[in-house]
Protein chains: 2
Amino acid sequence: MRPRSITLTGNELEIMKIVWRLERATVRDVYEELLKERKIAYTTVMTMMKVLEQKGHLKRSAEDKAHVYQPSESRLKVVGSMVTEFLNRVFDGSAAPLLAHLVDQKHITREELAQIAKVRSEPTGKK
Amino acid sequence: MRPRSITLTGNELEIMKIVWRLERATVRDVYEELLKERKIAYTTVMTMMKVLEQKGHLKRSAEDKAHVYQPSESRLKVVGSMVTEFLNRVFDGSAAPLLAHLVDQKHITREELAQIAKVRSEPTGKK
DNA sequence: TCTTGCATACTAATTAATTAGTATGCGGCC
DNA sequence: GGCCGCATACTAATTAATTAGTATGCAAGA
């Protein structure tokens with residue numbers, strides 16, 4: 001049988017991004033945001049948010065008339081695990097080849113790379 | 001309806017990695033390799049390779065008794081597009097936040113980062 | 001020649017993912 | 001009070017993904 005995807009699928013991530021940005025949102029809030037990008041039915045959003053709740057990515061609280069959803073985990077944490085999963089799946093865990101791709105495909109310049117290395121390796125001197 | 005995934009799925013990538021490595025392979029070749037990792041049926045591998053052929057990732061030639069498969073595109077190209085797709089989907093196309101994750105999660109050290117920046121920005125002096 | 005092994009083609013079953021319609025209830029406004 | 005808008009719950013349809021069984025054929029060895 002088909003295993004449920006460990007990480008977020010494309011559309012699930014799209015919704016999570018909105019909820020992370022709004023911090024707390026109703027189905028309607030997310031629906032309105034998504035409408036800016038593409039045609040979608042209100043109930044479709046509801047279904048997807050219910051799935052996200054079942055998967056543990058969203059917490060629901062029946063506050064007012066409409067339920068309010070909030071992220072269960074920080075964007076940093078979730079996206080971090082997505083990065084790790086991608087790295088393992090595509091590059092067997094080695095980041096260097098990924099870096100090479102980023103540079104070769106000009107997603108990042110050598111200067112930016114050097115700058116990040118600099119900032120991170122010399123954070124004012126201590127710790 | 002559900003759209004077919006643009007990029008390779010987990011298992012498809014697993015197979016493509018093997019074929020890229022072997023350069024040319026029969027279903028049995030791939031099957032043997034996969035068996036080293038996990039239990040899987042021969043026909044399952046065949047089905048997946050047929051799908052990969054339909055998707056245009058593998059070319060098939062009925063050489064001898066068994067069909068021989070070869071990659072349609074280089075690993076570099078396919079993986080490159082996977083990187084781009086991931087970057088767009090997760091980070092809206094910005095590589096910097098991805099870099100930050102790689103460093104924060106210690107997938108790569110500041111030293112490695114600096115080294116890659118150096119190698120790539122000063123290739124002996126000329127082009 | 002008959003069996004055996006391996007190969008392919010075809011069939012099939014299950015669950016995830018995506019999208020949305022239908023049923024139904026509740027709180028206001030006319 | 002009844003209708004309207006919005007909300008949720010339930011139902012549903014379609015295709016992808018994953019896994020593998022069955023049917024069948026061919027070639028080589030006993």
Query - Partners passing ring pair (Phe, Tyr, Trp, His ring centres under 6.0 Å) against H57(A) (at least two apart in sequence or in another chain) - result: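 Partners of H57(A) by the ring pair (Phe, Tyr, Trp, His ring centres under 6.0 Å) criterion come out as none, since no residue qualifies.
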Query raised in the report: By ring pair (Phe, Tyr, Trp, His ring centres under 6.0 Å), which residues pair with H107(B), not counting sequence neighbours?
Result: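 Ring pair (Phe, Tyr, Trp, His ring centres under 6.0 Å) check on H107(B) returns nothing, list empty.
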Can you tell me how far [atom2] of [N] sits from [atom1] of [X], to the nearest Å?
X: M48(A); N: dA16(C); atom1: CE; atom2: P; answer: 17 Å
X: N11(B); N: dA16(C); atom1: CG; atom2: P; answer: 15 Å
X: E14(B); N: dA17(D); atom1: CD; atom2: P; answer: 15 Å
X: L34(B); N: dT19(D); atom1: CG; atom2: C1'; answer: 13 Å
X: I40(A); N: dG21(C); atom1: CD1; atom2: C1'; answer: 15 Å
X: E37(B); N: dT18(D); atom1: CD; atom2: P; answer: 17 Å
X: L52(B); N: dT19(D); atom1: CG; atom2: C1'; answer: 15 Å
X: L35(B); N: dT19(D); atom1: CG; atom2: P; answer: 13 Å

Requested in this report: Would you indicate whether the side-chain heavy atoms of M16(A) and V78(A) approach each other to under 4.5 Å?
Outcome: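 SC-SC contact between V78(A) and M16(A) ruled out.
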Query raised in the report: Is L99(A) reachable from L76(B) through a run of hydrophobic residues whose side-chain heavy atoms are each under 4.5 Å from the next?
Result: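 Per the 4.5 Å side-chain linkage, L76(B) and L99(A) are not co-clustered.
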**Report entry** Spacing of L52(A) atom CG and L8(A) atom CG [to the nearest 0.5 Å]
**Finding:**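 The CG atom of L8(A) is 6.5 Å from CG of L52(A), to the nearest 0.5 Å.
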Report task. Could you tell me whether Q54(A) atom CD has more than 12 heavy atoms of other residues or ligands within 6.0 Å of it? Result ->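 Enclosed: over 12 neighbouring heavy atoms sit under 6.0 Å from CD of Q54(A).
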For a quick test of reading the model: is some side-chain N or O of [X] closer than 4.0 Å to OP1 or OP2 of [N]?
X: R38(B); N: dT18(D); answer: no
X: T44(B); N: dT19(D); answer: no
X: T9(A); N: dA16(C); answer: no
X: K55(B); N: dA16(D); answer: no

Report task. Check K55(A), K50(A), K17(A) against E12(A) for a salt bridge (Lys or Arg N to Asp or Glu O under 4.0 Å) and give me the one that passes. Result ->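 Testing E12(A) for a salt bridge (Lys or Arg N to Asp or Glu O under 4.0 Å) against K55(A), K50(A), K17(A) leaves exactly one candidate, K55(A).
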**Report entry** Residues which pass salt bridge (charged side-chain N to carboxylate O under 4.0 Å, His left out) with K59(B), listed by chain and number, not counting sequence neighbours
**Finding:**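 Partners of K59(B) under the salt bridge (charged side-chain N to carboxylate O under 4.0 Å, His left out) test: none.
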Query raised in the report: Using a cut-off of 4.0 Å between protein heavy atoms and nucleotide atoms, how would you tag nucleotides 1-11 of chain D 5' to 3' with B, S and -?
Result: ----BBSBBB-
Report summary line: Output field dot_bracket for DNA chain C (Watson-Crick or G-U, both distances under 3.5 Å, | for other-strand pairs) contains ||||||||||||||||||||||||||||||
Report task. For E53(A), check side chain to side chain donor-acceptor pair (under 3.5 Å) against everything at least two apart and list the hits. Result ->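 Applying side chain to side chain donor-acceptor pair (under 3.5 Å) to E53(A) gives none.
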